[in-house]
Amino acid sequence: MLLAVLIVGAASFSPLFAEGGTLWPVVIIPTLMFFIVTGVILWMTFSIQYVFYQDYLFVKGGPFRSRIPYEQITKVSPTTDIFTGYRILSSRDGVEIFYKTAILGSVKISPENKKEFISEVKKRCPNIQDLK
């Protein structure tokens with residue numbers, strides 16, 4: 001997360017150095033861009049939630065939300081692939097949930113207690129296969 005904020009900061013404030021930073025648009029626009037993008041990154045990182053409701057699993061991270069009905073879940077497996085697919089996770093060690101109505105086929109999340117989370121999914125999902 002820190003690396004992402006540093007990259008956004010470098011990209012936002014480089015025009016200040018290139019243009020001299022004396023005109024107000026050259027100062028205001030990059031500063032606003034930095035705060036907006038950094039705010040979204042922090043919002044997505046610190047608002048991650050996974051809630052088991054009676055009929056579905058609710059996954060939320062920033063502006064992204066998914067209601068995954070238990071009967072739609074087909075597979076749950078541990079994953080360390082954090083660079084591809086739909087992901088709402090904050091660590092390299094996560095869980096990938098495959099379900100029938102997923103746009104990209106699955107969602108990757110990182111619950112605090114992975115084994116307990118997988119056990120709870122197994123209890124609630126009638127159609128689950130190959131649970132590791």
Side-chain angles (χ1 to χ4, degrees):
M1 180 179 71
L2 178 62
L3 181 62
V5 171
L6 290 174
I7 291 170
V8 169
S12 297
F13 294 116
S14 63
L16 291 175
F17 300 112
E19 297 293 326
T22 57
L23 300 173
W24 71 270
V26 175
V27 175
I28 298 295
I29 293 172
T31 303
L32 286 174
M33 285 177 33
F34 173 75
F35 283 117
I36 290 170
V37 172
T38 301
V40 170
I41 290 170
L42 293 173
W43 179 31
M44 289 173 50
T45 302
F46 292 113
S47 71
I48 295 175
Q49 283 185 329
Y50 317 111
V51 181
F52 287 100
Y53 286 102
Q54 184 173 348
D55 298 329
Y56 61 91
L57 171 64
F58 182 69
V59 178
K60 176 178 113 31
F64 304 105
R65 291 162 169 60
S66 294
R67 285 185 180 183
I68 306 170
Y70 297 125
E71 62 272 358
Q72 296 289 319
I73 297 175
T74 57
K75 181 180 174 185
V76 176
S77 63
T79 186
T80 56
D81 178 23
I82 64 167
F83 298 111
T84 60
Y86 175 43
R87 56 203 181 280
I88 302 177
L89 46 77
S90 60
S91 73
R92 292 181 156 252
D93 190 27
V95 173
E96 187 168 13
I97 301 173
F98 296 87
Y99 57 106
K100 295 175 186 174
T101 56
I103 293 172
L104 297 173
S106 66
V107 63
K108 296 172 185 171
I109 61 174
S110 57
E112 287 182 26
N113 188 333
K114 208 165 63 167
K115 289 181 182 180
E116 186 178 307
F117 183 87
I118 290 174
S119 172
E120 187 65 29
V121 170
K122 185 177 181 178
K123 281 191 249 179
R124 294 172 182 258
C125 299
N127 300 327
I128 201 132
Q129 323 164 339
D130 192 28
L131 187 64
K132 294 181 183 179

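Note: hydrogens, waters and symmetry copies are ignored here, and every other heavy atom, side chains too, is used.
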*Taking side-chain contact (heavy atoms from CB on, under 4.5 Å) as the test, write out the residues that go with V37, two or more places apart.*
V8, I41

*asked:* Side-chain heavy atoms nearer than 4.5 Å, only ILVMFWY residues, links allowed to pass through others: does that put Y56 and V107 together?
replied: no

*Separation between CE of M33 and OG1 of T38, rounded to the nearest 0.5 Å*: 10.0 Å

*asked:* Applying a strict under-4.5 Å side-chain criterion to I, L, V, M, F, W and Y, I'd like to know whether V40 and V59 cluster together.
replied: yes

*Is the count of non-hydrogen atoms from other residues, nucleotides or ligands lying under 6.0 Å from F35 atom CZ greater than 12?*
no

*Validation row: Q72, C125 side chains within 4.5 angstrom (heavy atoms)*: no

_Single-linkage hydrophobic cluster, 4.5 Å side-chain cutoff, I68 and I48 together_ = yes

*Sub-4.5 Å side-chain heavy-atom contact between V121 and F52*: yes

*Say you draw a straight line from NZ of K60 to CZ of R65; how long is it, rounded to the nearest 0.5 Å?*
5.0 Å

*Which residues pass the side-chain contact (heavy atoms from CB on, under 4.5 Å) test with K114, sequence neighbours left out?*
P78, D93, V95, I118

*Grab the two heavy atoms, one from Y70 and one from Q54, that are nearest each other, plus how far apart they are.*
CE1-O, 3.3 Å

*When rounded to the nearest 0.5 angstrom, what is the spacing between CZ in R67 and OH in Y53?*
8.0 Å

*Mind checking the CD1-CD spacing from I109 to E96? Nearest 0.5 Å is all I need.*
10.5 Å

*Write down the atom of S47, the atom of G61, and the distance for their closest heavy-atom approach.*
OG-C, 3.8 Å

*So which heavy atom on Y50 is nearest to which on S110, and how close?*
OH-N, 2.9 Å

_Shortest non-hydrogen separation from S12 to P30 and the atoms involved_ = O-CB, 2.7 Å

_Rounded at 0.5 Å granularity, tell me how far CD in E120 sits from CG in L57._
10.0 Å

*Specify the closest pair of heavy atoms between I73 and Y99, including all atoms of both residues, with the distance to one decimal.*
CA-CB, 3.9 Å

*About how many Å separate CZ of F117 and NZ of K122, when rounded to the nearest 0.5 Å?*
15.0 Å

